[in-house]
Trainee: 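Right, I'll just put the structure down here and ask away after.
The structure presented is a predicted model; accordingly, all values stated were derived computationally and were not measured.
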Amino acid sequence: MCSSLTNHGYDTHLVVADGNGNEVFGEVRIHDVGRASGGRFNRMTETVNNVFKQAKLLNAELYHLHDPELMPIALKLKKLGKKVIFDAHEDLPLQVLSKPYLNRYVAKLISKMVGIYESYVCKRLDAVVTATPYIRNKFLKDNDNSIDINNFPLLNELSTLDTSNFSGRERCCYVGAITKVRGINEIISSLQLVDPKFKLDLGGRFSEPSLELLVKQQPGWNQVVDHGWQDRAGIQSILQKSFAGLVTLHPIINYLDALPVKMFEYMAAGIPVIASDIPLWREIIEESDCGVCVDPYSPKDIANAIEYLGNNLEVAKTMGENGRVAVLKKYNWSIEERKLVNLYRELLS
């Protein structure tokens with residue numbers, strides 16, 4: 001978003017709290033307020049306060065907030081006469097319900113309170129940007145200037161990969177954050193059920209050392225090529241050699257209406273997807289004929305999909321081409337970028 005805005009002439013600043021210091025990325029100036037000194041509570045107090053101080057120093061015309069913890073800042077900035085956008089990446093009340101560390105009744109109470117506060121804040125803002133059409137529809141009742149700007153791939157980054165030759169490909173891939181809820185256990189378990197010639201290229205960081213230790217003890221791990229965290233060039237290299245990309249997230253409540261970026265990146269790269277059988281995802285995959293839907297809790301189901309595409313490379317190639325066409329026509333950032341820039345022009349006119 002920031003890069004797109006600078007490309008359209010906006011003086012764009014990004015305030016972060018990652019402890020990596022100030023820097024300049026392209027023409028985007030990044031201001032680091034430092035990591036919180038403690039846990040979640042300090043992030044919601046100390047870090048939020050530091051972000052607000054930096055925001056005031058910048059004295060911008062428009063502020064675009066990307067974290068629900070920053071909603072109190074939104075109201076403060078409005079009192080200063082600023083234009084403010086809140087960006088809802090997920091359905092926050094639903095996300096609260098899925099937190100495993102919360103008692104069910106406590107989660108319901110907090111979810112209700114969060115929903116009331118979120119509605120109160122967003123009614124008073126200039127616009128709400130959401131990550132999916134479903135979340136947009138929820139916010140329209142509070143703010144009629146709510147639009148979805150989907151995090152679809154950049155066309156010039158992945159759609160130029162050469163996928164004309166699938167011959168000899170024996171690797172599928174998973175690229176992204178490695179967590180239990182994103183299906184890593186089932187993916188590794190599926191590998192012991194497929195022909196040993198098929199390997200998994202794994203690119204990303206494990207969320208917890210204990211999960212990494214557990215996963216690496218599974219018999220299927222000997223068919224994994226572990227690349228660790230990869231930059232964009234590394235990801236492209238992995239995708240270029242794959243006959244399929246896996247996005248088998250567990251169907252927890254806040255994933256049911258989410259659009260996984262990774263699925264569209266696989267499509268843009270011209271490889272078929274093996275995806276969780278979530279209704280919204282199935283609709284996209286079946287409409288585009290670009291992959292196979294599976295039960296994400298079933299290693300056997302995942303293994304069958306891997307073997308089917310790995311043993312039928314011409315089918316895999318055709319599905320990959322179909323996915324790329326769908327991205328070129330519909331699921332790409334250039335379309336979403338126009339929506340973002342039009343919103344800024346409207347608010348700043």
Side-chain angles (χ1 to χ4, degrees), residues 151-179 182-191 194-207 211-212 215-216 218 220-249 259-276 281 285 290-292 294 296 302-303 305-313 315-324 326-328 331-333:
N151 192 14
F152 291 150
L154 296 165
L155 285 178
N156 61 356
E157 190 170 69
L158 294 172
S159 62
T160 56
L161 293 180
D162 180 14
T163 57
S164 59
N165 184 14
F166 264 56
S167 177
R169 293 195 186 191
E170 294 182 334
R171 295 188 178 189
C172 55
C173 68
Y174 172 87
V175 179
I178 304 172
T179 68
R182 289 172 181 258
I184 188 60
N185 286 318
E186 293 82 3
I187 290 173
I188 303 304
S189 294
S190 74
L191 295 176
V194 303
D195 189 316
K197 71 177 181 180
F198 295 127
K199 309 295 183 188
L200 172 74
D201 276 326
L202 184 65
R205 290 194 182 101
F206 282 87
S207 60
L211 176 65
E212 182 175 6
V215 167
K216 289 184 176 181
Q218 293 190 40
W221 184 257
N222 60 10
Q223 286 172 246
V224 175
V225 181
D226 184 10
H227 296 272
W229 182 88
Q230 293 291 300
D231 59 16
R232 302 308 295 174
I235 291 172
Q236 290 183 38
S237 177
I238 290 172
L239 297 178
Q240 182 77 54
K241 302 169 186 173
S242 300
F243 64 77
L246 285 92
V247 55
T248 51
L249 283 62
L259 294 173
V261 178
K262 205 55 57 185
M263 182 169 80
F264 297 104
E265 290 186 342
Y266 294 150
M267 291 165 64
I271 62 174
V273 298
I274 298 173
S276 303
W281 304 7
I285 290 167
C290 64
V292 180
V294 298
I302 297 170
I306 292 172
E307 290 232 310
Y308 172 70
L309 292 172
N311 288 324
N312 296 275
L313 292 178
V315 173
K317 179 183 175 183
T318 299
M319 285 183 171
E321 290 171 347
N322 292 342
R324 174 176 282 186
V327 167
L328 290 171
Y331 304 114
N332 66 76
W333 177 246

Trainee: Restricting to side-chain hydrogen bond (donor to acceptor under 3.5 Å, both in side chains), what partner residues turn up for K262, sequence neighbours left out?
Mentor: E265

Trainee: Mind checking side chain to side chain contact (heavy atoms under 4.5 Å, CB included) for W229 and listing every partner two or more places apart, or none if nothing turns up?
Mentor: R205, D231

Trainee: How long is the gap from SG on C172 to CD1 on I306, to the nearest 0.5 Å?
Mentor: 4.0 Å

Trainee: When you measure from the side chain of R324 to the backbone of A268, do you find a donor-acceptor pair of N or O atoms at a distance under 3.5 Å?
Mentor: yes

Trainee: Are the side chains of I184 and T179 in contact, using a 4.5 Å heavy-atom criterion?
Mentor: no

Trainee: List for me each residue that meets salt bridge (Lys or Arg N to Asp or Glu O under 4.0 Å) alongside R169, sequence neighbours excluded, and say none if there are none.
Mentor: none

Trainee: Check side chain to side chain contact (heavy atoms under 4.5 Å, CB included) between Q223 and all other residues, then give those that pass, not counting sequence neighbours.
Mentor: L191, V194, K199

Trainee: Show the numbers, then the answer: is there a side-chain contact (heavy atoms from CB on, under 4.5 Å) between N311 and F198?
Mentor: CA-CA 10 Å; N311 288 324; F198 295 127; 3.4 Å; yes

Trainee: Locate the shortest heavy-atom distance separating F206 from K216; write the atom from each residue and the value.
Mentor: CE1-CE, 4.4 Å

Trainee: Show the nearest heavy-atom pair for residues F152 and W333, with the distance to one decimal.
Mentor: O-CB, 3.5 Å

Trainee: At their closest point, which heavy atom of Y266 faces which heavy atom of V175, and how far apart are they?
Mentor: OH-N, 3.2 Å

Trainee: At what distance, to the nearest 0.5 angstrom, does CE of M263 lie from SG of C290?
Mentor: 7.0 Å

Trainee: Would a 4.5 Å heavy-atom cut-off, applied to side chains only, mark V224 and V215 as touching?
Mentor: no

Trainee: Could you report the tightest heavy-atom contact between P260 and V247, atom names first, then the distance?
Mentor: CB-CG2, 4.0 Å

Trainee: From F166 CZ over to N312 CG, what is the distance, rounded to the nearest 0.5 angstrom?
Mentor: 12.5 Å

Trainee: I'd like to check the salt bridge (Lys or Arg N to Asp or Glu O under 4.0 Å) partners of K241; sequence neighbours left out, ordered by chain and number.
Mentor: none

Trainee: Of all residues at least two apart in sequence or in a different chain, which pass the side chain to side chain contact (heavy atoms under 4.5 Å, CB included) check with N222?
Mentor: none

Trainee: How close do A244 and I271 get, counting heavy atoms only, and between which atoms?
Mentor: C-CD1, 3.9 Å

Trainee: Nearest 0.5 angstrom please: I274 CD1 to I302 CD1, how far?
Mentor: 8.5 Å

Trainee: If you measure from SG on C173 to CD on Q230, what distance do you get to the nearest 0.5 Å?
Mentor: 11.5 Å

Trainee: Could you grab the distance from atom CG of D195 to atom CD of E170, nearest 0.5 Å is fine?
Mentor: 8.0 Å

Trainee: Is there a side-chain contact between V225 and I238 (heavy atoms, below 4.5 Å)?
Mentor: no

Trainee: Would L259 and N151 count as a side-chain contact (heavy atoms from CB on, under 4.5 Å) here? Give the steps.
Mentor: CA-CA 8 Å; L259 294 173; N151 192 14; over 6 Å; no

Trainee: Looking at every heavy atom in both Y174 and I178, which two are closest together, and how far apart are they?
Mentor: CE2-CG1, 4.1 Å

